[in-house]
Amino acid sequence: MVGMKKLIICLVLVVGFLGFAWAGDGLLSPSQLEKFVDEVEDMPRIKGFDFVDGCPVPKSLRISMFHKKWKFHRDLPPTQVFAYGTSKKDATVPGPTIEAHQGISTHIKWKNHLPSKHILPWDPTIPTAIPHTKKGIPTVVHLHGGIDGPESDGHATSWFTSRFKERGPSWTKKTYHYHNMQHPGTLWYHDHAMGLTRVNLLAGLVGAYVIRQPNVELPLGLPYDEEFDRPLVVFDRGFLKDGSIFMNSTGNNPSIHPQWQPEYFGDAIVVNGKAWPYMIVKRRKYRFRIINASNARFFKFYFNNGLRFIHVASDSAYNEKPVTIKDVLLAPSEIADVIVDFSKSKSDSAILCNDAPYPYPSGDPVNEANSKVMKFVIENGHELDTSKIPRKLIEYPSPNLSDASVTRYIAMYEYTSDIDEPTHLYINGKPFEAPVTEKPKIGATEIWYVINLTEDNHPLHIHLGLFVALDQTELVDVDKFKECMLKMNDANKCQVDKYARGKKVEVPAHEKGWKNVYKMMPGYVTKIVVKFSYIHSNDSYPFDATAEPGYVYHCHILDHEDNAMMRPLKFTH
């Protein structure tokens with residue numbers, strides 16, 4: 001009886017706090033939507049800098065979040081979404097691509113124009129940003145891959161509601177300062193509000209951010225102009241027949257969490273705001289900056305006609321050399337910067353496909369709907385193509401293990417209920433609000449052994465830091481080791497070296513460079529070298545990284561991050 005009472009109270013909280021406004025005539029079968037009928041969009045591009053007398057100078061932008069309707073497919077009714085844009089009319093899903101200039105600051109005032117009620121169900125029984133008045137939708141923007149001060153990092157507790165009426169406990173300022181002092185590469189921005197990240201991203205709050213450095217990048221000869229250099233933001237969604245985004249409103253453990261589920265999956269695959277779009281391309285090289293903006297879905301991309309990817313950058317950093325691969329596995333939040341040469345195609349079309357199980361790696365196989373991503377229609381005729389694939393790209397100094405000042409063990413846990421359904425996930429056996437245990441020094445190099453004691457692959461993302469994955473070692477007798485860890489929560493006392501002696505998995509060639517996300521294999525220990533400084537220079541940060549509210553590191557499966565696979569990260573001098 002107590003459990004039922006708790007369930008009723010929780011459901012009342014869900015509806016009463018932010019509420020949610022979605023209805024429909026039932027779940028839409030993806031087979032009812034014809035594939036490849038909408039042309040892929042090139043999202044609006046906004047320059048994050050100005051030119052004065054031919055020189056780039058800092059620029060201030062205002063980008064807001066709006067509640068509007070968006071057409072995901074020709075035959076789908078308009079969908080209620082939350083969208084980024086400079087105006088409600090111009091707001092898009094994903095949001096505009098912000099193009100920054102390396103070394104030139106971009107200032108963005110992020111504004112929340114969202115309604116008092118959410119368009120999706122959410123769950124107040126997990127650690128969640130809840131306004132005191134119970135009105136308004138908390139949001140905060142994180143620039144994923146950005147190296148900026150903690151006040152501009154989009155901390156999960158730095159949220160704010162419409163017109164800044166209510167603010168989270170660590171909120172500091174309205175305008176964020178992006179220094180763009182780091183190396184050139186692809187980043188993305190998205191909502192990061194505590195406990196609401198998964199629903200705010202599902203609603204549409206994602207967008208690409210590119211830092212360009214022409215004097216370094218143009219000599220490489222890669223495709224670099226707008227027509228042939230295109231961000232592709234990919235995610236999955238489920239839809240109701242009235243066009244609404246579908247998110248199950250009942251959790252796996254409804255008496256504990258009335259709504260929360262361990263992973264969100266939808267069968268419709270969306271690229272730049274269109275479900276299964278097509279793109280007309282010339283017979284030449286194109287550059288695609290592919291961002292996996294899904295909540296939980298991994299993608300293993302490949303072409304049905306045998307075309308290859310030439311992988312040039314992973315996450316926000318260039319590879320040392322191009323790597324040709326037939327497929328590319330991307331976890332949620334990972335970025336693959338690839339060249340595709342359509343002149344090599346023997347056919348006049350190519351379908352970008354996916355065959356990653358969900359959840360990854362041991363979940364369901366793909367079906368007819370989610371195994372297709374988009375179609376490229378290849379024009380006939382020879383095309384003049386002056387771009388090239390250089391033998392070398394950009395070589396950044398490799399991490400020196402002898403410089404590592406600290407070794408840390410980072411353990412990933414999943415906890416289940418009496419019916420063996422997940423209830424929550426922790427890092428190092430601690431909730432987010434537990435005292436900080438990771439306090440690196442600014443400029444430090446550290447070795448982290450990430451121990452995955454769950455059955456899922458968890459993409460680990462470290463704010464501010466970049467890292468190089470060295471190897472992955474299988475845990476033998478993993479159940480015995482896990483039993484010890486659940487009791488003692490101490491890798492050394494549980495003699496991790498005694499168990500981490502199984503087969504080794506080598507890091508793929510295209511992922512051996514600097515990354516800000518890496519896929520932590522279940523039942524393995526992943527060794528990474530983390531650097532908390534710029535990888536391309538010896539310059540000091542132009543901001544105080546020790547300031548409040550600090551940073552975080554977390555699993556980037558959003559349903560895991562929200563409950564509560566995230567820990568604080570504070571820096572010292």
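Side chains are part of it too, since the values below use all heavy atoms of this structure and drop only hydrogens, waters and symmetry mates.
Taken to the nearest 0.5 Å, the NZ atom of K570 stands 10.0 Å off from the OG1 atom of T546. Rounded to the nearest 0.5 angstrom, H67 NE2 and Q80 CD are separated by 3.5 Å. Interatomic distance, N295 CG to L202 CG, rounded to the nearest 0.5 Å: 4.0 Å. The distance from the CZ atom of F49 to the NE2 atom of H107 is 14.0 Å, given to the nearest 0.5 Å. Annotation: the span from I46 atom CD1 to K59 atom NZ amounts to 8.0 Å, rounded to 0.5 Å. One distance of note links CG of L143 with CD1 of I211; it measures 7.0 Å at 0.5 Å rounding.
Looking at F160 and T139, their side chains come closer than 4.5 Å, going by heavy atoms from C-beta outward. In this structure the side chain of F235 never reaches within 4.5 angstrom of the side chain of L201, judged on heavy atoms. Using a 4.5 Å cut-off on side-chain heavy atoms (C-beta onward), Q102 and E217 make no contact. Proximity of H190 to H192: side-chain heavy atoms (C-beta onward) are separated by under 4.5 Å at one or more points. Here the side chains of E446 and F532 are in contact, with some heavy-atom distance below 4.5 Å. Using a 4.5 Å heavy-atom cutoff, the side chains of L222 and S387 are not in contact. A heavy-atom distance below 4.5 Å is found between the side chains of D191 and Y84. Residues N200 and W159 form no side-chain contact, since every pair of their non-hydrogen atoms from C-beta on lies 4.5 Å or further apart.
Cation-pi geometry between R284 and F228 is met: under 6.0 angstrom from the ring centre, within 45 degrees of the axis. Because its NZ or CZ atom is both nearer than 6.0 Å to the ring centre of F164 and within 45° of the ring axis, K174 counts as a cation-pi partner of that residue.
When all heavy atoms of H155 and V140 are compared, the pair lying nearest together is O-CG1, 3.4 Å. Minimum interatomic distance between W70 and T92 (heavy atoms only, all atoms of both residues): CZ3-CA, 3.7 Å. The heavy-atom pair separating S316 from L466 by the smallest distance is OG-CD2, 3.8 Å.
Taking the charged nitrogens against the carboxylate oxygens, E99 and R45 do have a contact shorter than 4.0 Å, which makes a salt bridge. Between D229 and R289 there is a salt bridge, with a side-chain nitrogen of the basic residue lying less than 4.0 Å from a carboxylate oxygen of the acidic one. The existence of a salt bridge linking E334 and K515 is confirmed by a sub-4.0 Å separation between a basic side-chain nitrogen and an acidic carboxylate oxygen.
Taking the six-membered ring where tryptophan is involved, the planes of Y209 and Y178 are perpendicular, since the angle between them exceeds 60° and thus also 30°. In this pair, H554 and H556 present their aromatic rings tilted. The plane angle is within the 30 to 60° band. By the 30° and 60° cut-offs, the orientation of the rings of H144 relative to H142 is perpendicular.
At most 12 non-hydrogen atoms from other residues, nucleotides or ligands lie less than 6.0 angstrom from NZ of K441. For K71, the NZ atom sits in a packed shell: over 12 heavy atoms of surrounding residues, nucleotides or ligands are nearer than 6.0 Å. For K321, the NZ atom counts as loosely surrounded, since its 6.0 Å shell holds 12 or fewer non-hydrogen atoms of other residues, nucleotides or ligands.
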Task: Full working for ring pair (Phe, Tyr, Trp, His ring centres under 6.0 Å) between F467 and Y518 - done: CA-CA 9 Å; F467 55 87; Y518 198 72; 7.1 Å; no
Task: Stepwise ring pair (Phe, Tyr, Trp, His ring centres under 6.0 Å) test for Y396 and Y318 - done: CA-CA 9 Å; Y396 297 114; Y318 275 94; 7.8 Å; no
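Between the side chain of N354 and the backbone N or O of F299, no donor-acceptor pair lies under 3.5 Å. A donor-acceptor pair under 3.5 Å is absent between the side-chain atoms of D341 and the main chain of R308, judged by distance alone.
F342 and F376 have their aromatic ring centers within a separation under 6.0 angstrom.
The side chain to side chain donor-acceptor pair (under 3.5 Å) test applied to S105 returns H177, not counting sequence neighbours.
Under 3.5 Å, the side chains of D148 and Y176 contain no donor-acceptor pair of N or O atoms.
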